[in-house]
Amino acid sequence: MADDKKLTTRAVDFSAWYNETVLRAELADYSPVRGCMVIRPRGYGIWERMQRQLDTAFKDTGHQNAYFPLLIPESFLRKEAEHVEGFAPQTAVVTHGGGKKLDEPLIIRPTSETMIYAMFAKWVQSYRDLPLLINQWANVVRWEMRTRLFLRTLEFLWQEGHTAHATEAEAEEETRRMLNVYRDFMEAWMAMPVVTGLKTDSERFAGAVRTYSCEAMMQDNKALQAGTSHNLGQNFARAFDLKFQSESGSTEFAWNTSWGVSTRLVGGLVMTHGDDFGLRIPPFLAPIELVIVPIWRNDEDRTRVLETARSILADLSGWERRKTGKLRVHLDDREGMKPGAKYYEWELRGIPLRLEFGPRDLDANQCVLVRRDNRVKRTVTLDSIGEDVSDLLSIMQTDMRVAAFDRREANSIRGGITYDRFREVMEGDGAFVYAGFCGSATCEQTIKEETKATIRVLPDEEFRSAEAPETCLRCGAKSVVEALWAKAY
RNA sequence: CGGGGCGUAGCGUAGCCCGGUAGCGCGCCUGCUUCGGGAGCAGGAGGUCGCUGGUUCAAAUCCAGUCGCCCCGACCA
């Protein structure tokens with residue numbers, strides 16, 4: 001691979017393409033510990049832009065950031081029966097500290113429900129203390145068997161929102177609200193369309209009453225669970241004695257929600273937009289939106305071209321865009337590297353726009369703009385370069401979103417699919433299949449065993465088919481709900 | 001945990017069967033010529049051959065053990 005300039009193509013081996021792209025675009029690297037990765041500056045830069053936008057959205061919906069400890073008493077995890085069953089097999093446990101064996105082992109958080117609701121219980125006495133709307137940005141550890149860069153690693157970065165409410169209805173409203181915050185972010189910022197809906201019991205978060213999810217389709221037609229929002233009911237409130245006195249004077253358990261997205265989103269971004277030349281980052285999330293590649297033949301040209309290139313850099317860097325702030329521009333003035341080599345490199349890294357500028361352009365007061373998404377070149381005058389760049393970036397953001405949406409729709413199947421055909425599809429190219437479901441966990445399990453496809457969500461209304469399916473995909477019994485089936489990451 | 005594969009320069013590898021000075025490509029450093037889609041030439045740096053032990057005059061190579069990683073199957077954002 002190292003001596004081969006081209007990536008393995010997606011058609012040949014999607015998985016190999018993904019790994020090579022992540023590694024060679026310098027988003028991440030393997031660490032000395034199995035299953036752990038280092039997020040490199042080009043990958044972390046994307047995460048930082050995601051964080052910034054999500055954090056703003058959380059604040060806009062009334063949440064405050066806080067930080068809770070990494071280490072959790074093992075006994076905490078045991079307090080919620082379903083929760084401990086779900087997470088105990090995946091926890092890393094600290095048994096020694098300061099050279100001595102600990103009386104009680106500490107677990108490294110796989111998620112923070114137990115710690116946070118234990119603390120909420122101390123802070124909440126009255127309905128006047130509610131709702132309590134908290135978010136934390138943190139790392140968590142889950143001891144996974146098989147790992148993949150960004151998609152599943154032993155340690156990952158995420159945010160986890162945790163809220164407490166006085167009523168069940170408020171908690172449900174919050175759960176749905178945050179699911180929509182995620183959806184809006186994924187569609188507008190990541191240009192990654194998602195299907196939202198309810199998880200079945202088998203995929204529900206351990207300890208939740210209801211789990212909602214955003215599911216995105218990757219280019220291999222597999223589903224990526226990109227974000228989840230849980231209505232926890234009173235499960236954790238009961239386990240941690242999180243009670244409050246109501247307006248009428250009675251003592252009641254609070255209603256909780258939790259919701260999270262992780263660095264997995266970076267993997268989703270790669271698998272949604274990448275092509276055989278490498279990464280394609282939607283402009284809103286690109287740490288660098290435009291790279292200037294100067295071209296020269298001799299020292300005289302070099303001086304003239306670089307001088308003007310620097311003034312273009314200064315000009316563009318001063319441009320302020322409404323949603324995304326100042327233009328993020330980089331001048332690639334490295335010596336000893338031919339322009340063509342730079343083009344390939346910046347394309348691999350997914351930078352949205354490239355500005356080529358050479359002696360001929362200098363004399364004509366123009367430059368060449370090249371879009372990363374469709375690689376179309378345009379010659380434009382330097383007089384209005386700021387407007388042109390800004391417009392192009394906006395157009396690209398939209399085009400990438402539409403393209404991803406169209407691809408998903410083209411690979412979705414609705415209406416009256418036979419089970420035999422379903423199996424063929426899942427053995428072949430895969431798809432998002434909307435089909436009837438009888439509601440039986442046995443049927444769901446059988447289909448999973450026979451096809452490796454699972455119910456990703458019971459889609460929200462806007463995603464459901466115009467005509468509700470009448471019978472269950474497998475058993476043929478009357479369908480009680482429409483389900484979205486796909487193989488999943 | 002079961003099955004398969006691999007550890008040799010930063011990366012990718014040859015050499016191993018048949019023991020005898022560790023080689024190649026990419027990358028890196030220096031210089032000159034180049035530069036509008038992956039540059040050329042010349043010179044140069046870089047290696048405890050995963051680790052431990054054994055056999056041998058001699059081990060990357062043979063033997064034993066050990067560690068690690070990757071891929072495929074049961075859990076998961």
Side-chain angles (χ1 to χ4, degrees), chain A residues 1-7 13 15-16 19-20 23-24 29-36 85-91 110-111 138-160 182 199 202-206 211 213-216 223-230 258-268 277-278 293-299 301-302 305-306 332-348 354-364 366-368 370 375 377 379 448-449 452 454 456 488-489:
Chain A
M1 183 190 91
D3 58 297
D4 193 349
K5 286 176 176 154
K6 289 200 166 80
L7 292 165
D13 185 342
S15 188
N19 283 328
E20 288 174 23
L23 257 16
R24 289 179 49 181
D29 203 353
Y30 292 106
S31 86
V33 177
R34 177 198 78 88
C36 294
E85 197 183 323
F87 281 105
Q90 293 183 264
T91 53
T111 178
N139 58 337
V140 288
V141 168
R142 299 180 186 178
W143 216 262
E144 302 290 350
M145 305 275 187
R146 295 193 53 206
T147 58
R148 292 198 65 191
L149 294 168
F150 286 112
L151 303 176
R152 190 177 298 106
T153 48
L154 297 198
E155 178 187 3
F156 58 93
L157 305 182
W158 76 345
Q159 56 70 217
E160 46 181 324
Y182 288 155
K199 286 290 190 183
S202 66
E203 301 252 338
R204 202 184 65 231
F205 174 73
T211 289
S213 165
C214 295
E215 300 281 331
L224 183 77
Q225 181 172 304
T228 50
S229 185
H230 316 290
S258 69
W259 26 275
V261 296
S262 71
T263 40
R264 170 179 255 203
L265 290 179
V266 178
F277 294 98
V293 179
I295 300 155
W296 58 75
R297 288 178 185 284
N298 50 50
D299 279 352
D301 282 350
R302 182 174 160 277
V305 165
L306 270 182
D332 184 355
D333 57 2
R334 285 175 294 179
E335 312 259 350
M337 197 172 171
K338 293 181 76 173
K342 294 182 180 178
Y343 300 166
Y344 280 103
E345 188 175 281
W346 291 110
E347 283 174 352
L348 172 64
R354 179 172 77 241
L355 191 159
E356 303 174 2
F357 183 69
R360 291 205 296 273
D361 298 311
L362 181 63
D363 295 335
Q366 64 182 29
C367 68
V368 177
V370 190
R375 303 177 91 226
K377 296 189 180 193
T379 301
K448 180 177 179 178
E449 283 163 13
K452 289 180 185 161
T454 51
R456 300 322 305 151
Y489 271 97

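Each chain gets a letter, A, B and so on, in the order the sequences are listed, and its residues count up from 1. This structure is a prediction, so every number in the text was calculated from the model and none was measured.
Leu265(A) has its CG atom 9 Å from the C1' atom of rA77(B), to the nearest Å. One atom, CZ of Arg375(A), and another, P of rG38(B), lie 12 Å apart when rounded to the nearest Å. Rounded to a whole Å, the CG atom of Asn19(A) is 16 Å from the P atom of rC69(B).
rA39(B) and rG5(B) have their P atoms separated by 40 Å, with the value rounded to a whole Å. rA45(B) and rG50(B): their C1' atoms are spaced 24 Å apart (whole Å). The separation of rU61(B) from rC17(B), taken at their C1' atoms, amounts to 10 Å, rounded to a whole angstrom. The same atom, C1', is picked in rA14(B) and in rG47(B); the two are 15 Å apart, to the nearest Å. For the P atoms, the distance linking rG25(B) with rG44(B) amounts to 14 Å, nearest Å. Between rC26(B) and rG38(B), the distance separating the two C1' atoms is 13 Å to the nearest Å. Taking atom C1' in both rG2(B) and rU8(B), the straight-line distance is 30 Å, to the nearest Å. rU55(B) and rG19(B) have their C1' atoms separated by 11 Å, given to the nearest Å.
Shown here, rU56(B) forms no base pair; nothing in the strands shown gives a Watson-Crick or G-U wobble contact with both key distances under 3.5 Å. In this structure, rA14(B) makes no Watson-Crick or G-U wobble pair, since no nucleotide meets both defining distances under 3.5 angstrom. For rC76(B), there is no paired base (Watson-Crick or G-U wobble, both distances below 3.5 Å). In this structure, rC41(B) forms a base pair with rG31(B), meeting either the Watson-Crick or the G-U wobble geometry with both donor-acceptor distances under 3.5 Å. Under the Watson-Crick and G-U wobble criteria, each requiring two contacts below 3.5 Å, nucleotide rG19(B) is left unpaired. In this entry rC51(B) has rG65(B) as its Watson-Crick or G-U wobble partner, both defining distances falling under 3.5 Å.
Listed nucleotides rA77(B), rG38(B), rG73(B) differ in distance to Arg264(A); the shortest reach to its side chain belongs to rA77(B). Of all nucleotides listed (rC76(B), rC35(B), rG37(B)), rC35(B) comes nearest to the side chain of Pro339(A). Nearest to the side chain of Val368(A), among rG36(B), rG38(B), rC35(B), sits rG36(B). Comparing rC75(B), rG37(B), rG36(B) against the side chain of Val370(A) picks out rG37(B) as the nearest. Nearest nucleotide to the Ile295(A) side chain, out of rA74(B), rG36(B), rC75(B): rG36(B). In the set rG37(B), rC35(B), rA77(B), the nucleotide with an atom closest to the side chain of Arg297(A) is rC35(B). Listed nucleotides rG73(B), rG38(B), rA77(B) differ in distance to Phe156(A); the shortest reach to its side chain belongs to rA77(B). Of the candidate nucleotides rG37(B), rG38(B), rA77(B), rA77(B) has the atom lying nearest to any side-chain atom of Gln225(A). The side chain of Gln90(A) approaches rC76(B) more closely than any other nucleotide in the set rC76(B), rG37(B), rC70(B). The side chain of Arg360(A) lies closest to rG36(B) when the candidates are rG37(B), rG36(B), rC35(B).
Judged by closest nucleotide on RNA chain B, Glu345(A) is the one of Tyr489(A) and Glu345(A) placed further toward the 5' end. When the nearest nucleotides of RNA chain B are assigned to Arg354(A) and Arg204(A) by heavy-atom distance, the more 5′-ward of the two goes with Arg354(A).
For the pair Arg152(A) and Trp143(A), the cation does not sit on the ring face, since its NZ or CZ is not both under 6.0 Å from the ring centre and inside 45° of the axis.
Remark: the Lys377(A) side chain and the rG36(B) base include no donor-acceptor N/O pair separated by less than 3.5 Å. Residue side chain Arg152(A) reaches the base of rC76(B) through a donor-acceptor N/O pair under 3.5 Å, judged by distance alone. Judged by atom type and distance alone, Glu347(A) reaches the base of rG37(B) through a side-chain donor-acceptor pair under 3.5 Å.
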For this session: Would you check, one step at a time, whether the test ring pair (Phe, Tyr, Trp, His ring centres under 6.0 Å) holds for Tyr343(A) with Phe277(A)?
Result: CA-CA 11 Å; Tyr343(A) 300 166; Phe277(A) 294 98; over 10 Å; no
Exercise. Which is it for Arg24(A) and Leu348(A) under the side-chain contact (heavy atoms from CB on, under 4.5 Å) test, yes or no, and what are the steps along the way?
Worked result: CA-CA 8 Å; Arg24(A) 289 179 49 181; Leu348(A) 172 64; 3.9 Å; yes
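Counting non-hydrogen atoms under 4.0 angstrom, Arg148(A) reaches nothing in the nucleic acid. Across all strands shown, Gly260(A) has no heavy atoms under 4.0 Å from either base or sugar-phosphate atoms. Using a 4.0 Å heavy-atom criterion, one finds that Thr153(A) contacts the bases of the nucleic acid, with or without backbone contacts as well. Contacts of Asp361(A) with the nucleic acid, taken as non-hydrogen atoms under 4.0 Å apart, include base atoms.
To the nearest 0.5 angstrom, Thr91(A) atom OG1 is 11.5 Å from Arg142(A) atom CZ. How far OG of Ser262(A) is from CG of Asn139(A): 12.5 Å, rounded to the nearest 0.5 Å.
Using a 4.0 Å cut-off, no side-chain N or O of Lys342(A) falls inside it from OP1 or OP2 of rG37(B).
With salt bridges taken as basic N to acidic carboxylate O contacts below 4.0 Å, one links Lys199(A) and Glu215(A). Ion pairing between a basic and an acidic side chain is recognised when a charged N comes within 4.0 Å of a carboxylate O; Glu356(A) and Lys377(A) show such pairing. Looking at Arg354(A) and Glu345(A), no side-chain N of the basic residue comes within less than 4.0 Å of a carboxylate O on the acidic one, giving no salt bridge.
With centres under 5.5 Å and a plane angle under 30° as the test, the ring of Tyr344(A) is not stacked against the base of rG37(B).
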